K.L.:
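Okay, here's the structure, questions in a sec.
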Amino acid sequence: MKSLLPDVSPLSFSPLDVSLTAAPLLAALYGITVLALLFVLLNPTGVRRAAVTVSGALVGAATGWVLAWFISDVWDPWGVSLSTGTRLWAVALLAGVAMVLLNLRGQPRWRRGIAICALPLCLLSATAGINADIGEFPTVRVALGLDAFQPLSQTLATARGDAHAASTAGTTVASTGTVGTVTIPGTVSGFAARSAMVYLPPAATGTNPAALPVVVMLSGQPGSPSDVFTAGGLAHILDRYAKAHSGLAPIVVVPDQLGSPSSNPMCVNSALGRVDTYLTIDVPAWIRAHLHVKDQPSAWTIAGFSQGGTCSIQLGAAHPELFGTILDIAGELAPKNGSEAHTVAAGFDGDAAAYAAAAPAAILAAHAPYTALGAIFVAGDGDPRFLPGVRTLADAAAGAGVDTHLFVSPGTAHDWHTVDYAWTTALPIIAARTDLLAPDSVGMTG
């Protein structure tokens, strides 16, 4: 067993860590924008111009709604329906732009200058509002793509399963866990994965750490493993749980199942990459060699969001000898890479039967009845495209003998707020199923 410890101390707070979703910041930005638009609307040149401005704003608003509908429901570049909140921000943006443009002519230079300044304010407010709705960029650092995570050192301990591992945390349980990057090679699969992420709870970094349960978590597509911690805030959720449970939380490993942000090999073995083999052979072998984890399937969970959620139910249902619990957050009914025809051609060498067999419901039926597998399904109530499929798979899992839980996240859509709700809700269930808090798993922590 190898222990993983940070090479450097955590970065101190900087302006790059300012929250982009903080209510005071958003309120100030929205307030300034509204004042600028009111200045434009309350034009001293007459009622007629004000009426034209209002009419133009209504046309702009309608255009914004139609544009959002076209992008989300016709063009559909991301395979995800835009939430109502995001659509309303598109409405507000084009309404504001129309107001400004209709008030540029026939105005004193100073009024035109203020009106022009309102344009970037409208754009910035809409961008900030959409970001707050989706939860993609919580801080300036994340928005700029600046990686705040450091590599984890890999120090060989005396043997796998030793009760003692090297630590820089002293003899007491740390207050927070450790997050860092690691390399998990595709030794058997040959899959060229990007760097993976690992979360070590406080109990894993003290002296004589306990063998802990492990969660293999998969991000969505497009995306990267770090999204789970930057946009998803997973370390904070796990730290809160650990603080309330003597430093205990699952170890979380976030491998790369994509290869690049634009790729989607769909977690099967194909010409796009042997991702099934990577996630079920290479990644578990690396975890067992480098982390002090419980080895039985009941202590292993596979989880994922969106495309990663699809992978979690595919692989978890197909490998109950490896995973005892599944957390599917807004996954799909079947693996998808573009249209169904393109999916079959690219991922299944044109074999429609193989594609059908790779659907999670088909996998569940083929392996039924299950005797020890558990599954937790979560989707947002504002996610009309994915929620019905999640309900369908939850029914299929229950029918196959899986211990099934279904949760609907209130007021969220296909976004990172749903991931936050899912992990917060599912973590106690995962802890119970994996015996995280069992007395014989606590070990010596001080």
Side-chain angles (χ1 to χ4, degrees), residues 77-80 136 142 145-147 149 151-152 179-199 215-232 234 252-287 289-290 302-316 318-319 322-323 328-332 334-351 354-355 358-360 414 416 419:
W78 306 293
V80 176
E136 182 72 21
V142 175
L146 301 176
D147 190 3
F149 300 107
L152 296 177
V179 179
T181 63
V182 299
T183 298
I184 303 180
T187 305
V188 177
S189 66
F191 183 65
R194 295 169 292 175
S195 294
M197 304 290 298
V198 171
Y199 169 86
V215 179
V216 177
M217 172 69 186
L218 305 171
S219 186
Q221 190 275 334
S224 67
S226 61
D227 293 347
V228 173
F229 296 100
T230 56
L234 182 55
V252 177
V253 178
V254 189
D256 173 34
Q257 83 277 17
L258 302 175
S260 73
S262 59
S263 299
N264 182 9
M266 299 179 286
C267 293
V268 297
N269 288 337
S270 73
L272 300 176
R274 295 178 58 80
V275 182
D276 185 319
T277 299
Y278 180 68
L279 294 176
T280 60
I281 295 179
D282 291 327
V283 170
W286 185 92
I287 290 173
H290 293 81
I302 185 164
F305 169 48
S306 193
Q307 189 267 0
T310 312
C311 293
S312 72
I313 183 65
Q314 283 176 255
L315 300 179
H319 296 278
L322 179 58
F323 301 106
D328 177 359
I329 308 170
E332 300 161 298
K336 181 180 179 182
N337 186 324
S339 67
E340 181 174 322
H342 184 269
T343 299
V344 173
F348 299 89
D349 198 25
D351 188 343
Y355 166 70
H414 199 79
W416 289 102
V419 177

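Computation of the quantities below employed the complete heavy-atom set of this structure, encompassing side-chain atoms and omitting hydrogens, waters and symmetry-equivalent molecules. These numbers come from a predicted model, not from an experiment.
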K.L.:
When you check the side-chain N and O atoms of Thr187 and Asp282, is any donor under 3.5 Å from an acceptor?
P.N.:
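Thr187 vs Asp282: no donor-acceptor pair found between side chains.
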K.L.:
Taking only residues two or more places apart in sequence or in another chain, which ones pass ring-ring contact (aromatic ring centres under 6.0 Å, His included) with Tyr355?
P.N.:
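Testing Tyr355 for ring-ring contact (aromatic ring centres under 6.0 Å, His included), a comparison that skips the adjacent residues, returns Phe348.
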K.L.:
Minimum heavy-atom separation for Pro335 to Ala358, with atom names?
P.N.:
CD-O, 3.8 Å
K.L.:
Of the non-hydrogen atoms in Arg274 and Phe191, which two are nearest, and what is the gap between them?
P.N.:
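Of all heavy-atom pairs spanning Arg274 and Phe191, the closest is O-CB, 4.3 Å.
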K.L.:
Looking only at heavy atoms, what is the nearest atom pair of Thr181 and Pro151, with distance?
P.N.:
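Residues Thr181 and Pro151, closest heavy atoms: OG1-CA, 3.2 Å.
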K.L.:
Quick one: CG on Asp328 to CG on Leu218, what's the gap to the nearest 0.5 Å?
P.N.:
11.0 Å
K.L.:
Side chain to side chain donor-acceptor pair (under 3.5 Å) with Ser306: which of His414, Glu332, Gln221?
P.N.:
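For Ser306, the side chain to side chain donor-acceptor pair (under 3.5 Å) check succeeds only for His414.
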K.L.:
Check the pair Val275 / Val268 against side chain to side chain contact (heavy atoms under 4.5 Å, CB included), numbers first and verdict last.
P.N.:
CA-CA 5 Å; Val275 182; Val268 297; over 6 Å; no
K.L.:
Which value, rounded to the nearest 0.5 Å, describes the distance between Gln314 atom CD and Thr280 atom OG1?
P.N.:
11.5 Å
K.L.:
What residues, two or more places apart in sequence or in another chain, satisfy side chain to side chain donor-acceptor pair (under 3.5 Å) together with Thr343?
P.N.:
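Side chain to side chain donor-acceptor pair (under 3.5 Å) list for Thr343, sorted by chain: empty.
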K.L.:
Where is the tightest heavy-atom contact between Met266 and Leu272, given as atom of each residue plus distance?
P.N.:
CE-CD1, 4.2 Å
K.L.:
In Å and rounded to the nearest 0.5 Å, what is the SG to CG distance from Cys267 to Asp276?
P.N.:
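Output value for this atom pair is 8.0 Å.
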K.L.:
Is a donor on one side and an acceptor on the other found under 3.5 Å between the side chain of Asn337 and the backbone of His342?
P.N.:
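No.
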K.L.:
Taking Ser226's backbone N and O only, do any of them form a donor-acceptor pair with Thr230's side chain (distance below 3.5 Å, no angle check)?
P.N.:
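Checked: pair present.
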K.L.:
Search all heavy atoms of Ile184 against all heavy atoms of Tyr278 and return the closest pair with its distance.
P.N.:
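Smallest heavy-atom distance, with atoms named: O-OH, 2.7 Å.
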K.L.:
Quick check: closest heavy atoms across Gln307 and Ser219, and the distance to 0.1 Å?
P.N.:
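Residues Gln307 and Ser219, closest heavy atoms: OE1-O, 4.1 Å.
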K.L.:
Heavy-atom count around Asp351 CG within 6.0 Å, excluding the residue itself: above 12?
P.N.:
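Correct, the count exceeds 12.
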K.L.:
If the condition is ring-ring contact (aromatic ring centres under 6.0 Å, His included), which residues does Tyr199 pass it with, not counting sequence neighbours?
P.N.:
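With sequence neighbours excluded, Tyr199 shows a ring-ring contact (aromatic ring centres under 6.0 Å, His included) to no residue whatsoever.
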